[in-house]
Amino acid sequence: MKPWDLKNDSGSIAFNEKTYELLRQVPAGKVVTYADIARALGTKAYRAVGNAMNKNPYAPHVPCHRVVNSDGRIGGFALGCEKKTALLEKEGVDVKSGKIVDFEKKRFQFGAH
DNA sequence: CCCTTGACCAAAC
DNA sequence: GGTTTGGCCAAGG
């Protein structure tokens, strides 16, 4: 059991656990889309992923702010999109009008396909 | 078990 | 370029 992991003995949050695990693999300065995460999980639960982020019990532990929309937009954030943008800018990701600059370039791919 | 909600996505208008 | 609609999956009421 990982230090940031929560009880999955119930088996209810297996999805969340995997989501956080994948997100944890994302380095600073890089961003991933909800779709990519869902795809990496082998599912299409884009929304479920977003839901897990909103519930994200490990705010600073899991870089949920590195997750953006497929359009390259910031999307949403539990603490406010501005906070998310600020974090991304701090990580080195340029954001313009709520959109990622060179999104495809900053985008991190699981397994590099 | 049915219905609603959600930090989504893609297509269509 | 925007908005609207349908679809998708998971969790909660």
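Just so it is clear: chains get the letters A, B, ... in the order the sequence lines come, proteins before strands, and each one is counted from 1.
- As a whole-Å value, the separation of A/Glu17 CD from C/dA11 C1' is 17 Å.
- Within the structure, every pair that satisfies the ring-ring contact (aromatic ring centres under 6.0 Å, His included) test and touches residues 81-108 of chain A, not counting sequence neighbours, is listed here: A/Phe108-A/Phe110.
- In the set C/dG12, B/dA7, B/dG6, B/dG6 carries the atom at the smallest distance from any side-chain atom of A/Asn51.
- The distance from atom CG of A/Asn16 to atom C1' of B/dA7 is 13 Å, rounded to the nearest whole Å.
- Nearer the 5' end of DNA chain C, as judged by each residue's closest nucleotide, is the contact made by A/Tyr46, out of A/Lys55 and A/Tyr46.
- OP1 or OP2 of C/dG2 has at least one side-chain nitrogen or oxygen of A/Arg73 nearer than 4.0 Å.
- Contact annotation for A/Cys81: no contact, since no heavy-atom pair falls under 4.0 Å across all strands.
- Across all strands, A/Lys84 comes closer than 4.0 Å to base atoms (heavy-atom distances).
- For the segment residues 25-44 of chain A, residues with any heavy atom less than 4.0 angstrom from an atom of DNA chain C are, sorted by number, A/Thr43, A/Lys44.
- Between the CG atom of A/Leu88 and the P atom of B/dA7 there is a distance of 17 Å, rounded to whole Å.
- Looking at the side chain of A/Ala48, the nearest of the listed nucleotides B/dC9, C/dC9, B/dA7 is C/dC9.
- If you take CZ of A/Arg66 and P of B/dA7, they are 22 Å apart, rounded to a whole angstrom.
- The side chain of A/Asp71 sits closest to B/dC9 out of B/dA7, C/dA10, B/dC9.
- The number of heavy atoms from other shown groups lying within 6.0 Å of CD (A/Glu82) does not exceed 12.
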Chi angles and distances behind the side chain to side chain contact (heavy atoms under 4.5 Å, CB included) call for A/Ile100, A/Ile74: CA-CA 7 Å; A/Ile100 303 290; A/Ile74 299 300; 3.8 Å; yes

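- One hydrophobic cluster, built from ILVMFWY side chains closer than 4.5 Å, holds both A/Val67 and A/Val26.
- Applying the side-chain contact (heavy atoms from CB on, under 4.5 Å) rule to A/Asn54 yields the partners A/Ala78; only residues at least two apart in sequence or on another chain are considered.
- The shortest heavy-atom contact between A/Asn69 and A/Thr33 is O-CG2, 3.6 Å.
- A straight line from NZ of A/Lys18 to C1' of C/dA10 spans 15 Å, rounded to a whole angstrom.
- The distance between atom CG of A/Asn69 and atom C1' of B/dA10, rounded to the nearest whole Å, is 13 Å.
- As a whole-Å value, the separation of A/Phe15 CZ from C/dG12 C1' is 16 Å.
- Side chain of A/Tyr20 to backbone of A/His61: no donor-acceptor contact under 3.5 angstrom is found.
- Distances shorter than 4.0 Å separate none of the side-chain N or O atoms of A/Asn56 from OP1 or OP2 on B/dA7.
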